[in-house]
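Side chains are part of it too, since the values below use all heavy atoms of this structure and drop only hydrogens, waters and symmetry mates. Per chain, numbering begins at 1; letters A, B, ... match sequence-line order. These figures come from a predicted structure and were not determined experimentally.
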Amino acid sequence: METEAYLGPHDGASHARFGRTERSSVMFGPPGRTYVYFIYGMHCMFNAVTEAEGEAGAVLVRALEPLEGVDLMRARRGLEEPSGLASGPGKLTKAMGITLEQNGVSLLKGPLGIFEGLSPGSLEVERTPRIGVVEDRTAPLRFLVGGNRHVSR
DNA sequence: TGAATGATGTTT
DNA sequence: AACATCATTCAT
């Protein structure tokens, strides 16, 4: 698992840096929903909205370790090998079948209810600067599970 | 290292 | 209405 935090209007690398726009409006909405957006003309990025309504904040899920549905993910990616299925934010949405249609849907229940029935775990979490951002190059807002190879490049 | 590829927000 | 930018990926 690998994530990055994007903050509110004061975060120069966040989509919320222009305030509440059509694209970023879901970031200002209630927490526990998805924020999905289209980038580079070809990739969807998957975020979880984190902050209270009226404040902006989201966590970009950049990579994960496939535990279930590996064959389906492989089929969606069009890969023979099950390695690197979701080792990047664009790869991850393709493997998961996440598109703009899922923008703003709940993560607390339903098909994407990934926060449902979660119990706190204990993981070694490493922190590094975020990838692909030009503002705030040094802020350590990228979080990875220590020693896990299912991360982005 | 660079091309692919299109929406977004800002500037004119 | 036009432009620069972009929370990437893959092939060269």
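Atom CE of A/M42 and atom P of C/dT5 are 18 Å apart (whole Å). At whole-Å resolution of the value, CG in A/L60 and P in C/dA7 are 10 Å apart. As a whole-Å value, the separation of A/I39 CD1 from B/dA4 C1' is 14 Å. Counting to the nearest Å, the P atom of C/dC10 and the NE2 atom of A/H43 are 7 Å from each other. Remark: C1' of C/dC6 and OH of A/Y40 are 4 Å apart, rounded to the nearest angstrom. Summarising the geometry, the separation between CG on A/L92 and P on C/dA7 is reported as 17 Å, rounded to the nearest angstrom. Put simply, CG on A/L100 is 11 Å from C1' on B/dG6, counting in whole angstrom units.
For the pair A/R77 and C/dC10, the criterion of a side-chain N or O lying under 4.0 Å from OP1 or OP2 is met. Taking side-chain N and O atoms only, A/K94 has no distance below 4.0 Å to OP1 or OP2 of C/dT9. At the phosphate of C/dA7, OP1 or OP2 sits under 4.0 Å from a side-chain N or O atom of A/H15. Of the side-chain N and O atoms in A/R17, none sit less than 4.0 angstrom from OP1 or OP2 of B/dG9. Contact annotation: A/R23 side-chain N/O to B/dG9 OP1/OP2 distance is under 4.0 Å.
By the 4.0 Å N-to-carboxylate-O rule, A/D11 lies close enough to A/R130 to be salt-bridged with it.
The residue among A/V59 and A/K91 whose nearest nucleotide of DNA chain C is located toward the 5' end is A/V59.
Closest to the side chain of A/Y35, out of C/dA7, B/dA4, C/dT8, is C/dA7. Of the candidates B/dT10, C/dT8, C/dA7, the closest approach to any side-chain atom of A/F18 belongs to B/dT10. Distance from the side chain of A/M45 is smallest to C/dT8 among B/dG9, C/dT9, C/dT8. Ranking B/dG9, B/dA7, C/dA7 by closeness to the A/F38 side chain, first place goes to B/dA7. Distance from the side chain of A/E22 is smallest to B/dG9 among B/dG9, C/dA7, B/dA4.
The shortest side-chain heavy-atom distance between A/F143 and A/V59 does not fall under the 4.5 Å cut-off. Residues A/H43 and A/P89 are not in side-chain contact: their nearest non-hydrogen atoms beyond the backbone lie 4.5 Å or more apart. Inter-residue side-chain proximity for A/F46 and A/T34 is flagged as met; some heavy-atom pair is nearer than 4.5 Å. By the 4.5 Å heavy-atom criterion applied to side chains, A/M1 and A/N148 are not counted as neighbours. Here the side chains of A/V49 and A/P30 are not in contact, with every heavy-atom distance at 4.5 Å or above. In this structure, the side chains of A/L85 and A/R74 come closer than 4.5 Å at one or more pairs of heavy atoms.
Pairing analysis of DNA chain C (Watson-Crick: purine N1 to pyrimidine N3 plus N6-O4 or O6-N4; G-U wobble: N1-O2 and O6-N3; both under 3.5 Å) yields stems of 3 or more pairs at B:1-4 with C:8-11, B:6-11 with C:1-6.
Note: the hydrophobic cluster containing A/L141 does not contain A/V61 (ILVMFWY, side chain heavy atoms under 4.5 Å, direct or indirect links).
Looking at heavy-atom distances under 4.0 Å, A/R62 makes contact with sugar-phosphate atoms alone, never a base.
At a cut-off of 3.5 angstrom, the base of B/dA7 holds no donor-acceptor pair with the side chain of A/Y37.
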